[in-house]
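Working notes for the structure below.
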Amino acid sequence: MDFKGSDTIPGPRTEDQLPHTAEAAVKIVIVGGFGVGKTTMVGSVSEIRPLTTEETMTQAGIGVDDNFGSDSKTATTVAMDFGRISITDQLVLYLFGTPGQERFWFLWNGLFEGALGAVVLIDTRRLEVSFDVIGRLEERGVPFVVAVNSFPDGPRYPIEDLRTALDLDPEIPIVECDARRRASSRDVLMTLMRFLHSLAMSGALR
Ligand SMILES: Nc1nc2c(ncn2[C@@H]2O[C@H](COP(=O)(O)OP(=O)(O)OP(=O)(O)O)[C@@H](O)[C@H]2O)c(=O)[nH]1
Ligand SMILES: [Mg+2]
């Protein structure tokens with residue numbers, strides 16, 4: 001049979017293909033309150049073109065969508081972000097960013113399913129938007145690290161003050177980052193992987 005002339009489905013782009021050496025894939029969720037930089041982080045660090053489900057924040061959202069006085073924030077995640085990064089030749093992380101707005105939180109349960117660990121992004125101007133997220137991770141027993149996304153007008157606090165404000169256990173890593181920078185976002189993921197490794201070594205990983 002001659003298929004010449006029929007439509008063909010293009011194969012995956014070379015950069016989207018998994019490295020042949022990949023042996024293990026791990027699901028990681030990027031969580032945090034509204035507008036803390038989750039989509040930005042998945043986008044900056046992903047080696048494949050990230051999938052985003054952003055919708056424009058419209059006039060209709062005024063009073064519903066909190067844009068915390070930021071004119072630059074014009075879109076919000078309504079379902080999830082998805083990206084991928086090979087941490088080593090053997091280890092691939094699949095990244096799932098959650099929606100930050102409260103009205104989409106019902107999607108979190110599915111997104112947390114099977115996640116080995118999480119990055120909680122925080123914005124020091126609005127620490128309170130990430131409280132609920134931390135509570136939910138603790139409830140579900142998902143290990144996490146906290147990444148302080150540095151916004152230029154965000155107040156800077158000593159790490160230990162942040163630990164107290166967020167009521168975090170002493171072993172939970174807290175790192176600073178700039179979610180727009182690939183290297184910085186990658187460092188956060190490396191911190192999470194080291195933390196998960198130390199939990200696994202001590203037998204604390206469920
Ligand atoms: N200065 C600075 N701006 C950032 C940084 N990360 C994100 N932004 C900006 O902050 C805004 C919010 O970022 P998003 O990535 O959409 O945040 P989000 O957490 O995905 O937001 P939701 O999905 O609506 O909850 C965007 O305008 C980004 O350009 C950062 O590290 N520094
Ligand atoms: Mg988003």
Side-chain angles (χ1 to χ4, degrees), residues 27-85 93-113 115 117-137 142 144-157 159 162 166 173-192:
K27 177 177 177 180
I28 299 297
V29 285
I30 314 288
V31 298
F34 174 61
V36 293
K38 301 175 293 293
T39 301
T40 305
M41 175 171 271
V42 173
S44 75
V45 83
S46 180
E47 65 201 7
I48 56 171
R49 193 167 16 154
L51 167 82
T52 58
T53 58
E54 289 204 289
E55 292 295 338
T56 308
M57 291 165 46
T58 62
Q59 292 288 316
I62 292 174
V64 181
D65 297 343
D66 166 18
N67 83 342
F68 53 92
S70 160
D71 292 337
S72 61
K73 173 96 175 141
T74 55
T76 188
T77 302
V78 295
M80 65 171 201
D81 308 302
F82 175 74
R84 190 190 82 202
I85 177 175
L93 307 188
Y94 285 108
L95 307 174
F96 291 79
T98 56
Q101 288 197 55
E102 222 168 311
R103 59 202 170 109
F104 301 123
W105 284 2
F106 66 92
L107 290 163
W108 285 6
N109 286 342
L111 286 172
F112 283 5
E113 208 61 56
V119 172
V120 178
L121 267 178
I122 61 164
D123 172 352
T124 55
R125 298 170 299 180
R126 301 172 300 123
L127 279 185
E128 68 288 351
V129 298
S130 294
F131 284 164
D132 278 341
V133 184
I134 292 174
R136 280 181 170 225
L137 289 172
V142 180
F144 61 92
V145 300
V146 172
V148 185
N149 197 7
S150 14
F151 289 89
D153 52 343
R156 296 178 73 86
Y157 300 113
I159 294 289
L162 284 174
L166 295 169
I174 305 177
V175 289
E176 285 192 26
C177 76
D178 182 335
R180 296 165 303 176
R181 290 182 42 235
R182 178 178 164 82
S184 179
S185 298
R186 195 172 186 281
D187 284 348
V188 172
L189 293 171
M190 292 304 288
T191 303
L192 174 62

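Atoms within each ligand, like the ligands themselves, are counted from 1 in listed order.
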Subject >> Intermediate values then yes/no, side chain to side chain contact (heavy atoms under 4.5 Å, CB included), L166 and F131 >> reply: CA-CA 7 Å; L166 295 169; F131 284 164; 3.5 Å; yes

Original post:
In this structure, which one of F112, F82, W108 forms a ring pair (Phe, Tyr, Trp, His ring centres under 6.0 Å) with F96?
Top reply: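 Considering F112, F82, W108, a ring pair (Phe, Tyr, Trp, His ring centres under 6.0 Å) with F96 is found only for F82.
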
So is [X] polar-close to ligand 1, meaning N/O to N/O under 3.5 Å?
X	answer
G35	yes
N149	yes
A179	yes
K38	yes
G100	yes
P99	no

**OP:** Let me know which of T52, T39, T98 forms a side-chain hydrogen bond (donor to acceptor under 3.5 Å, both in side chains) with T77.
**Re:**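 Answer after filtering T52, T39, T98: T39.
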
Original post:
Within T77, is some N, O or S atom less than 2.8 Å away from the Mg ion (ligand 2)?
Top reply: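 Yes.
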
Original post:
Taking 2.8 Å as the cut-off, does an N/O/S atom of T39 lie below it from the Mg ion (ligand 2)?
Top reply: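 So T39 counts as coordinating the Mg ion (ligand 2), yes.
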
Original post:
Salt bridge between R181 and D178, side-chain N to carboxylate O under 4.0 Å?
Top reply: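 Result for this pair is no, no salt bridge flagged.
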
Side-chain donor or acceptor of [X] paired with backbone N/O of [Y] under 3.5 Å:
X	Y	value
R186	I85	no
K73	A75	yes
S44	M41	yes
T53	M80	yes

Original post:
Looking only at heavy atoms, is any part of C177 under 4.0 Å from ligand 1, and if so is it the side chain, the backbone, or both, or is it neither?
Top reply: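 The answer is neither; C177 stays 4.0 Å or more away.
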
Subject >> Residue part near ligand 1, for D178, under 4.0 Å between non-hydrogen atoms >> reply: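 Both backbone and side chain of D178 come within 4.0 Å of ligand 1.
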
Original post:
Is there a heavy atom of G32 sitting under 4.0 angstrom from any atom of ligand 1?
Top reply: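 Heavy atoms of G32 never come under 4.0 Å of ligand 1.
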
**OP:** Give the atoms of ligand 1, by number and element, whose distance to some non-hydrogen atom of F34 is under 4.0 Å.
**Re:**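 Within the 4.0 Å cut-off of F34, ligand 1 contributes 24 (O), 25 (O).
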
Original post:
Which ligand 1 atoms, with their elements, are less than 4.0 angstrom from a heavy-atom of P152?
Top reply: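 Those qualifying, in numeric order: 1 (N).
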
Subject >> Residue selection (non-hydrogen contact nearest atom 21 (O) of ligand 1) among E54, M80, E55, K73 >> reply: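 That would be K73.
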
**OP:** Begin with the C-alpha distance, continue with both residues' side-chain angles, and end with the deciding distance and a verdict on salt bridge (Lys or Arg N to Asp or Glu O under 4.0 Å) for D153 and R125.
**Re:** CA-CA 8 Å; D153 52 343; R125 298 170 299 180; 3.1 Å; yes

